[in-house]
Asker: 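Submitted below is the structure of interest, expressed as structure tokens.
When a ligand or atom number is given, it counts from 1 through the structure's own listing order.
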Amino acid sequence: MSYINNELINEIRKKNDIVEVISKYVELTKRGKNYFGVCPFHDDHSPSMSVSKEKQIYTCFSCGKTGNVFTFVSDYEHISYIEAVRLLAEKVGYNLGNIKNKKTNNQDYEIYENSVKFYQNNLYSSLGKNAIEYLQKRQIDKDTIKKFGIGLSIAKISLTDYLIGKKYNLDNLIKLGLTNEKANDIFVNRIMFPIYDLNGNPVAFSGRIYNTHDNSKYVNSKESDIFKKGKILYNYHLARSYLKKNDSIIIMEGFMDVIRASTVGIDNCIATMGTALTKEHIDILKKMSDNIILCFDGDEAGAKATNLAISLLEEYNISPKIVRLEDNLDPDEYILTKGKDAFLNKINNAINVIDYKMELLKNNRNLNDVEDISQYIGSSLKELAKIDDDIVVELTLKKLATNYDIAYQTLYDKLIKYKNDNVKPKIKKIKPQKEPVDKYQKASEYLINYMLIDEHVINMVENKVIYFPNDNIRYLANEIIYYYHKYGVIILADLISYLANNEPLLTTLRQIMSLHLKENYTEEEIEDYIYVVNEYPKNMRVNELNIKLKKEENPLEQAKILKEIMEIRGVKK
Ligand SMILES: [Zn+2]
């Protein structure tokens, strides 16, 4: 956590007893030392989750979910770790509002809240009649107006005057994009759509013209301390409460698309507000759902945005499903003109990434022409070679074989060739659980497990382990050693907080915890694990030397290399 210090987080954790907190979500029964309940993170029928009051840790013996009180609330509520800290802090009387971001003034939020109410009052005043009629013509009913806080700016009634009357400072209103330098309102005679941050605070507006003609259909707030475009996901705060286990989340471009979808009862939509999908968005999305559907505008720009989003999501090993709307329509227009069922049909038939890419490859090709077919299949196999999911690969190959009447084996052989050509390694794979468990991995995991139980093992690892083969385990071991030297003790529940801003390491730690390795050990076992782990760098060095030996022609140098190899081997048992 970069902005709340660990001591404070630990203090908040101690005041939120894990048994009490989890009991509010899941019924717990005491059995022996621990409490048991039905795990909310998988389809559990018998109580598989155990909660330890002593360790302040929960762990599911079925799906392996484990962690401290903050990870539980974060996973259960689909919120970030820091939001979970904030939530639990508030429950025990801490206010982290000011700590989060010293630069932001809480008054900024207040000003926006007041502005939303002000614009809403305008809409329901006698001057708002035309606007209400306009909205109703566009099938935006009163419930929707209320739900999304829609309002109206009117030339005759100045927001700036109103806010200054409430003793807010003019400079602040200018800074927040509500007022211009001449102390006039930025938004005039527009239907006002508040833009909310992830916590549901209004932080900006988009104002749309109605019944008039203006060069700019929409006027949007400029960025401010509380409004950063790349961090906003419109409707996140509402969508997440509708999201149930295994639900998908639909990503759209504009807020109007999300509002429109909501009018027909589709509430699992969020919008990127016209900006490209960012890494920050993906961090948030990952917490919401694994099933992401991209439903951008049907035009050329929407197609480009779709392709960009796919590449970015793929870097995070997320394979979205894709919906493309015909006739250049955006989701708002599509639902209005073709109706809810037509739209739902689109969503339910969203296609996977490889099918989408292969469909794109057909463009500008004549698939009656042998040459074009050959090129098309070649490009498709190249795309397919990047896919890790064997089932998807096999199904797609079968489809290609049938559609173009080509032997499966021919396609398969060519695919393997392309796979071997793919030298470029994929960027950051943060999925330690998917790596094969070899003996080095197993020994490393046991060592980490015992480091968490006994400080003596920390000392042994620090002094004797040369190099953990797995990157994340190596960094994790270093963090545990560092943490131990700093605090003099390992409290697992606090170590989790300490690692919360380093997701790969936290994932590695939680993954090792979920293995439920045995707790008792002998000194000899630890020595054995260290021996196995240390074999890895030695073997790597011997391999290196053997290659060098083959290339070396000078007998004297050869002897030197051989000596080093013997020395390394000699150290081994
Ligand atoms: Zn579970």
Asker: Can you name the residues that form a side-chain contact (heavy atoms from CB on, under 4.5 Å) with K229, not counting sequence neighbours?
Answerer: E223, F227, T275
Asker: In the protein, how many N/O/S atoms are under 2.8 Å from the Zn ion (ligand 1)?
Answerer: 4
Asker: Of all heavy-atom pairs between K346 and R324, which one has the smallest distance, and what is that distance?
Answerer: NZ-O, 3.0 Å
Asker: Who pairs with T29 by side-chain contact (heavy atoms from CB on, under 4.5 Å), at least two apart in sequence or on another chain?
Answerer: none
Asker: Show your working on salt bridge (charged side-chain N to carboxylate O under 4.0 Å, His left out) between K398 and E394 and close with a plain yes or no.
Answerer: CA-CA 6 Å; K398 278 186 181 153; E394 188 171 334; 3.1 Å; yes
Asker: Under 3.5 Å, is there a donor on one side chain and an acceptor on the other for Y440 and N539?
Answerer: yes
Asker: How would you list, by chain and number, every residue that makes a ring pair (Phe, Tyr, Trp, His ring centres under 6.0 Å) with Y76, sequence neighbours excluded?
Answerer: Y25, F72
